[in-house]
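Chain letters run A, B, ... following the sequence lines, proteins first and then strands; every chain starts at 1. Note that these values count all heavy atoms, side chains included, but never hydrogens, waters or copies made by symmetry.
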Amino acid sequence: MKDLSEKAEQTEENQNNILEVIQVKNLKKRYKHITALDGISFSVKRGEIFGFLGPNGAGKTTTINILCTLALPDSGLAYVNGYHVVNQPNLVRKSIGLVFQETTLDNHLTAEENLYLHAMLYGVSRKDFIKRKREILKLCELWNKRKMKVETFSGGMKRRLELVRALIHWPQILFLDEPTVGLDPQTRKKIWDYIFTVRNKKNTTIFLTTQYLNEAERCDKIAIIDHGNIVAIDTPKNLKRMIGGDIIIFKTENNKQAEKEFRKKFPEYPIKWIGKELKIEIDNGDKFLPILVKAISPHITSMQLRQPTLEDVFLEITGRKIREEINGKLEKEENQGFDISSFFTLFNPPGTEGKNQRQKNDE
Amino acid sequence: MNKKLQTLYVIWYREVLIYLRNSLKFFTSIFLPLLILIFFGTGLKTIFPAPVLHYDFAQFFFPGILGLSVSIMAISSTMSIVWDREFGFLKEILVSPISRLYIALGKILGATTTALLQGTLILLTMPYLGINFDIPSFIKIILVIFLIGYGMAALGIFFASRLKRIESFSILSQIIIAPMAFLSGAFFPLKNVPSWMATMAHYNPLAYSVDALRWVVLSKSLNNEEILLMTTHSLPVCLLFLLTFNIIITFLSVRMFKKLN
């Protein structure tokens with residue numbers, strides 16, 4: 001027994017020196033009717049904030065579930081902190097912290113008790129727990145509320161508590177599945193502040209999924225995933241450089257005519273339709289604007305010049321906007337107000353059904 | 001080994017903490033059995049005039065109600081798994097680096113403890129019901145309650161691992177718990193019932209539980225012949241059955257819990 005535990009300690013040290021803490025090769029996963037992951041490969045370096053960007057149902061949660069040993073891949077290899085996710089699930093679980101999309105706190109217990117349970121589950125000694133508890137509760141600014149039951153907390157406070165709970169066993173890698181979904185901008189900013197603090201203090205690797213492009217921009221590296229494939233993987237800066245130069249979007253009284261004229265006069269610049277507007281990607285856009293106004297005959301009704309964003313990158317690669325599907329869904333949810341089923345939520349705990357739905361959609 | 005005990009302890013600790021913290025549940029859990037004992041006990045007593053029975057009706061009724069309340073307490077405690085699933089906390093436990101075996105055992109022991117606490121509170125009414133006891137017999141009663149609570153808790157885990165929604169509990173209680181309770185001999189002796197009923201009761205762990213409790217609870221108040229009149233099985237048979245049942249159901253419930261996702 002002793003020998004084994006010594007060996008385990010030794011390997012643990014080796015494990016902490018691994019540079020690429022997540023390695024994924026040709027990972028595939030099929031559910032009954034859809035291919036969730038169609039052979040993805042990527043790696044994450046230690047201390048990196050790695051963002052997984054994609055619309056709902058792209059395979060983000062499936063990837064996290066496989067890496068966290070909650071789901072088995074059909075084929076392919078995945079190593080987390082040097083451990084094989086299928087063959088060494090317990091070692092993987094020990095080296096990671098997890099924050100799910102939905103809350104997994106115990107509402108009956110206080111903030112402190114929730115942390116205590118987690119520490120015990122992960123084999124943290126009582127002495128270490130007392131030391132870390134203070135540090136961690138202060139980090140998320142819940143130290144004064146530690147004796148309060150979690151059911152009295154707001155959504156943002158719960159999220160913060162969950163985030164730091166995942167840290168109490170000092171994981172090498174922190175997985176965050178949509179950490180800021182449904183939060184107000186202020187709380188969202190705070191969550192990001194914590195994420196950066198944790199990375200800087202402990203050199204924790206952070207793997208997160210998001211559908212917010214402005215958040216993805218704060219990551220060190222982004223993988224854009226769509227329909228189970230990684231379509232691009234690079235730093236936000238490089239991704240935006242793919243677009244090249246500036247973007248001009250304009251609208252005229254006769255767009256078809258304008259497009260025709262533009263193609264004739266500037267065949268070297270690509271022009272595209274986005275809804276009812278036309279888009280040009282161009283270097284030194286500010287100088288091109290006056291030329292454009294003179295060059296086309298239909299009257300221009302609106303015009304816009306801007307730097308490329310990740311939204312443009314996503315559009316460029318996949319041919320559609322990332323938020324399209326999400327907007328459609330939001331409308332549906334709002335309509336439920338008129339549904340008679342809302343009457344029954346009086347008797348059932350609210351939210352659970354919606355939650356299930358969201359999970360299903362994500363698969 | 002220490003770490004394993006720690007995980008067992010932490011799961012157990014949470015179950016008990018939640019039970020004790022929920023003071024409403026705590027009081028209602030002993031309120032109903034007391035109501036049944038007082039009103040049913042007094043009311044039913046009037047049907048049987050004293051000369052017909054060789055014993056006091058409360059003496060017949062008390063062990064049965066004790067057994068039933070302890071069993072129902074143990075089973076309903078394990079429903080915390082379904083609550084946890086609905087509110088997400090179950091996921092937190094399932095992704096931790098703990099073996100499922102210890103989670104299941106911790107849950108079973110936690111539910112057993114709540115049943116023991118409730119049973120002890122009900123036992124405190126014994127002096128008012130004219131049931132005598134001393135310390136050794138009290139300890140024996142506690143041990144039997146533990147055996148019963150454990151078996152029912154494991155049975156609860158077995159079902160709770162399959163339940164997806166908390167509403168399903170009412171189905172479970174109607175289809176499984178109610179028949180078991182009615183055929184337990186708590187409300188009427190199983191001595192002279194028709195043979196089809198006797199056969200069914202023969203496989204009912206609650207029937208053995210109630211009989212076992214009658215033997216240990218009444219040991220200081222009635223003599224063996226009198227207890228024999230209201231029981232179908234002898235104490236050793238009851239204990240052997242309960243032990244066997246507990247071992248088998250532990251095995252099955254752990255297996256079921258491991259399949260949970």
Count the heavy atoms of every other residue, nucleotide or ligand shown that sit under 6.0 Å from [atom1] of [X], and state whether that count exceeds 12.
X	atom1	result
B:Ile135	CD1	no
A:Lys131	NZ	no
B:Met200	CE	no
B:Tyr9	OH	yes
B:Arg162	CZ	no
B:Lys140	NZ	no
A:Arg30	CZ	yes
B:Phe182	CZ	no

Among A:Arg165, A:His108, A:His169, A:His118, who wins on heavy-atom pairs under 4.5 Å with chain B?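 Going by pairs under 4.5 Å, I would pick A:Arg165.
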
Grab the two heavy atoms, one from [X] and one from [Y], that are nearest each other, plus how far apart they are.
X	Y	answer
A:Leu70	B:Lys91	CD1-CE, 4.3 Å
A:Tyr122	B:Pro97	CE2-CD, 3.2 Å
B:Glu92	A:Leu121	OE2-CD1, 4.2 Å

From A:Asn107 atom CG to B:Trp83 atom CH2, the distance as rounded to the nearest 0.5 Å: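 Between A:Asn107 CG and B:Trp83 CH2, I get 11.5 Å after rounding to 0.5 Å.
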
Atom CG of B:Asp84 and atom CG of A:Asp106: how far apart are they, to the nearest 0.5 Å?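 These two atoms lie 6.5 Å from each other.
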
Heavy-atom side-chain contact between [X] and [Y] under 4.5 Å:
X	Y	result
B:Tyr13	A:Met120	no
B:Ile93	A:Leu117	no
B:Phe87	A:Thr103	no
A:Phe175	B:Val95	no

Side chain, backbone, both or neither: which part of B:Ile166 has an atom under 4.5 Å from a heavy atom of chain A?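 For B:Ile166, neither part sits under 4.5 Å from chain A.
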
Which bit of B:Leu94 is near chain A, if near means a heavy-atom gap under 4.5 Å: side chain, backbone, both or neither?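 The backbone, not the side chain.
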
Checking A:Leu109 against chain B: side chain, backbone, both or neither under 4.5 Å from a heavy atom?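 Contact with chain B is through both the backbone and side chain of A:Leu109.
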
Under 4.5 Å from a heavy atom of chain B, the part of A:Leu98 involved: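 For A:Leu98, side-chain heavy atoms alone lie under 4.5 Å from chain B.
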
One thing to verify: whether A:Glu113 and B:Arg14 come together as a salt bridge, which I'm taking to mean a side-chain N less than 4.0 angstrom from a carboxylate O.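 No, this pair does not count.
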
